[in-house]
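A short write-up of the structure that comes next.
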Amino acid sequence: STASNVVVTDTLPANLIFDWASPDQGACTQTNPVVCTLGTITPDSTVGIDISARTISSSTLTNTVKVTSPIHDSNLNNNQDSDTTTVIAVADLEVTKVGQPATVSALSPVTYTVTVVNHGPDTAVGVVLTDTLPSGVTYLDKTFSTGSCSGISQIVCTFGDMAKNATATLTVWVTADAQGTLTNRAEVASSTADTTTDNNTAIEYTSVDTAADLYLEKSHQPATVYAGTVFSYTLMVSNLGPYTATNVVLTDTLPPEVELAEPLPAACSGTTTVVCELAELVNGDDWIMTCLLYTSPSPRDRTRSRMPSS
């Protein structure tokens with residue numbers, strides 16, 4: 001016969017957060033326990049109820065639902081049913097990496113800071129960070145905030161179990177060996193299922209420019225000079241390396257008491273301020289310039305002072 005005033009009661013497990021309930025007919029309370037009043041159900045008819053809820057943490061959930069009606073029920077054994085669901089632990093590990101500075105000269109230090117955070121909702125078990133240093137660097141040192149880390153070209157850190165919102169940090173110091181782009185890759189993993197794997201890898205790029213060490217030496221001869229005499233300045237520019245120095249410019253500001261006594265080399269120009277454009281200087285090369293100078297008063301000054309006035 002037809003069942004009237006049918007009521008379904010579903011008490012959700014404690015590890016669930018109720019979202020909503022929607023029956024094919026009738027209405028449901030939007031709270032836990034969910035009570036749905038379905039009205040009348042004719043023989044051989046089926047009424048469905050959709051219930052949405054979210055898990056809080058890993059556990060085994062047993063959900064029991066029962067149905068009642070004031071109409072006589074010939075078989076009460078099938079008026080209740082249960083379903084068991086296993087909820088596995090999940091975590092969201094994220095790794096970020098920062099290299100400082102972003103651009104360096106060859107043979108300069110670079111600091112890599114790698115941070116791992118667990119966004120939850122569960123504890124990440126057995127967290128392992130692998131930081132593969134790029135070729136073209138020389139390892140200097142490292143520090144870490146927890147667990148243990150070992151290795152040089154590839155550093156492996158075991159951070160153990162990380163609760164929700166926990167963080168772990170690895171800092172590595174290296175020297176950039178040569179010009180180019182350094183690519184440093186870090187990856188994090190654990191034995192706990194990860195809901196978002198896109199943030200388990202971080203890559204940092206560092207630009208390395210060439211570097212040169214220019215050395216300038218200046219001397220004069222003789223050690224003592226007299227007014228109106230000629231003496232010389234010698235300038236030597238050296239590149240101590242390790243790379244070729246490009247667009248090298250030498251600027252020499254002469255004292256007001258002297259003037260040039262002979263033409264400058266082809267790469268140089270000026271009178272009171274001498275500018276020499278040397279273009280490039282390879283590692284180990286020297287560029288030497290010697291210029292002759294008059295001290296005041298110069299012979300030309302003395303000639304001008306003896307000219308009769310008109």
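Given the structure is predicted, the values throughout are model-derived calculations rather than measurements.
Applying the salt bridge (Lys or Arg N to Asp or Glu O under 4.0 Å) rule to pairs touching residues 54-83 yields Asp19-Arg54, sequence neighbours excluded. Pairs engaging residues 91-166 under the disulfide (SG to SG under 2.5 Å) rule: Cys149-Cys157 [sequence neighbours left out]. A disulfide (SG to SG under 2.5 Å) check over residues 218-288, counting only residues at least two apart or in different chains, returns the pairs Cys268-Cys276. Listed by first and then second residue, the ring-ring contact (aromatic ring centres under 6.0 Å, His included) pairs that reach into residues 193-228 come to none, sequence neighbours excluded.
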Between Thr85 and Asn63, does the side-chain contact (heavy atoms from CB on, under 4.5 Å) criterion hold? Intermediate values first, please.
CA-CA 8 Å; Thr85 303; Asn63 186 8; over 6 Å; no

Worked check of side-chain contact (heavy atoms from CB on, under 4.5 Å) between Val110 and Thr175
CA-CA 6 Å; Val110 179; Thr175 298; over 6 Å; no

With side-chain contact (heavy atoms from CB on, under 4.5 Å) as the test, would you mind laying out the steps for Leu250 and Leu216 before giving the verdict?
CA-CA 9 Å; Leu250 170 66; Leu216 175 62; 4.0 Å; yes

Tyr139 vs Asp141, test: side-chain contact (heavy atoms from CB on, under 4.5 Å). Steps then yes/no.
CA-CA 6 Å; Tyr139 169 84; Asp141 199 4; 4.2 Å; yes

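Comment: Asp131 does not engage Lys142 in a salt bridge, judged by the lack of any side-chain N to carboxylate O separation of less than 4.0 angstrom.
A heavy-atom distance below 4.5 Å is not found between the side chains of Ser190 and Val125. At least one side-chain heavy atom of Thr295 sits less than 4.5 Å from a side-chain heavy atom of Thr229. Counting heavy atoms from C-beta outward, Val65 and Val34 have side chains that stay 4.5 Å or more apart.
To the nearest 0.5 angstrom, Asn239 atom CG is 14.5 Å from Trp287 atom CH2. A distance of 11.0 Å separates OH of Tyr112 from CD of Gln100, quoted to the nearest 0.5 Å. The CD atom of Glu257 sits 11.5 Å away from the CG atom of Leu293 when rounded to the nearest 0.5 Å. Atom CD of Glu94 and atom OG1 of Thr167 lie 11.5 Å apart (nearest 0.5 Å). Going from atom CG of Leu264 over to atom CE of Met289 covers 6.5 Å, rounded to the nearest 0.5 Å. If you take OG on Ser82 and CG on Leu61, they are separated by 12.5 Å, rounding to the nearest 0.5 Å.
Across all their heavy atoms, Leu38 and Gln25 have their closest contact at O-NE2, 2.6 Å. Across all non-hydrogen atoms, the minimal contact from Thr196 to Asn199 is O-OD1, 2.7 Å. The minimum heavy-atom distance linking Leu182 with Gly136 is given by the pair CD2-O, 3.9 Å. Taking both residues in full, the closest heavy atoms of Ala168 and Ser145 are given as CA-OG, 3.4 Å, listed atom of the first, atom of the second, then distance. Contact detail for Thr62 and Thr84: the closest heavy-atom pair is OG1-OG1, 3.5 Å. Between Pro33 and Thr9, the closest heavy-atom pair is CB-CG2, 4.5 Å.
When atom types are taken as modelled, the side chain of Asn118 and the backbone of Met162 share a donor-acceptor pair closer than 3.5 angstrom. For the pair Gln30 (side chain) and Ala21 (backbone), a donor-acceptor distance under 3.5 Å is present. Asp122 places a side-chain N or O within donor-acceptor distance of the main-chain N or O of Val90, the cut-off being under 3.5 Å. Although no hydrogens or angles enter the test, the distance criterion places a donor-acceptor pair under 3.5 Å between the side chain of Asp194 and the main chain of Leu93. No side-chain donor-acceptor contact under 3.5 Å links Thr234 to the backbone of Ser219.
Val116 and Phe144 fall within the same hydrophobic cluster, where Ile, Leu, Val, Met, Phe, Trp and Tyr residues are linked whenever their side-chain heavy atoms come under 4.5 Å apart, directly or through other members. Tracing side-chain contacts under 4.5 Å through hydrophobic residues (I, L, V, M, F, W, Y), one never reaches Tyr243 starting from Leu214; they form parts of separate clusters. If you chain together hydrophobic residues whose side chains sit under 4.5 Å apart, Val128 and Val117 never meet in one group. Note on Ile152: it clusters hydrophobically with Val174, by side-chain heavy-atom contacts below 4.5 Å among ILVMFWY residues. Linking ILVMFWY residues whenever their side-chain heavy atoms come closer than 4.5 Å, directly or via other members, places Ile41 and Val8 in the same cluster.
Side-chain contact check for Thr158 and Ser148: at least one donor-acceptor pair (N or O, by modelled atom type) lies under 3.5 Å. Between the side chains of Gln154 and Thr132, a donor-acceptor pair is found at a separation under 3.5 Å. No side-chain N or O of Ser22 forms a donor-acceptor pair with one of Asp50 less than 3.5 Å apart. Checked by atom type, the side-chain pair Ser238/Asp286 shows a donor-acceptor distance below 3.5 Å. Judged purely by distance below 3.5 Å, without hydrogens or angles, the side chains of Thr40 and Ser4 never pair a donor atom with an acceptor atom.
The local environment of CG in Asn75 is crowded, with over 12 non-hydrogen atoms from other residues, nucleotides or ligands closer than 6.0 Å.
With sequence neighbours excluded, no residue forms a salt bridge (charged side-chain N to carboxylate O under 4.0 Å, His left out) with Asp92. Residues satisfying the disulfide bond (SG atoms under 2.5 Å apart) criterion with Cys291, sequence neighbours excluded, are absent altogether.
Tested against Thr169 for a side chain to side chain contact (heavy atoms under 4.5 Å, CB included), the candidates Thr146, Leu129, Thr113 yield a single pass: Thr113.
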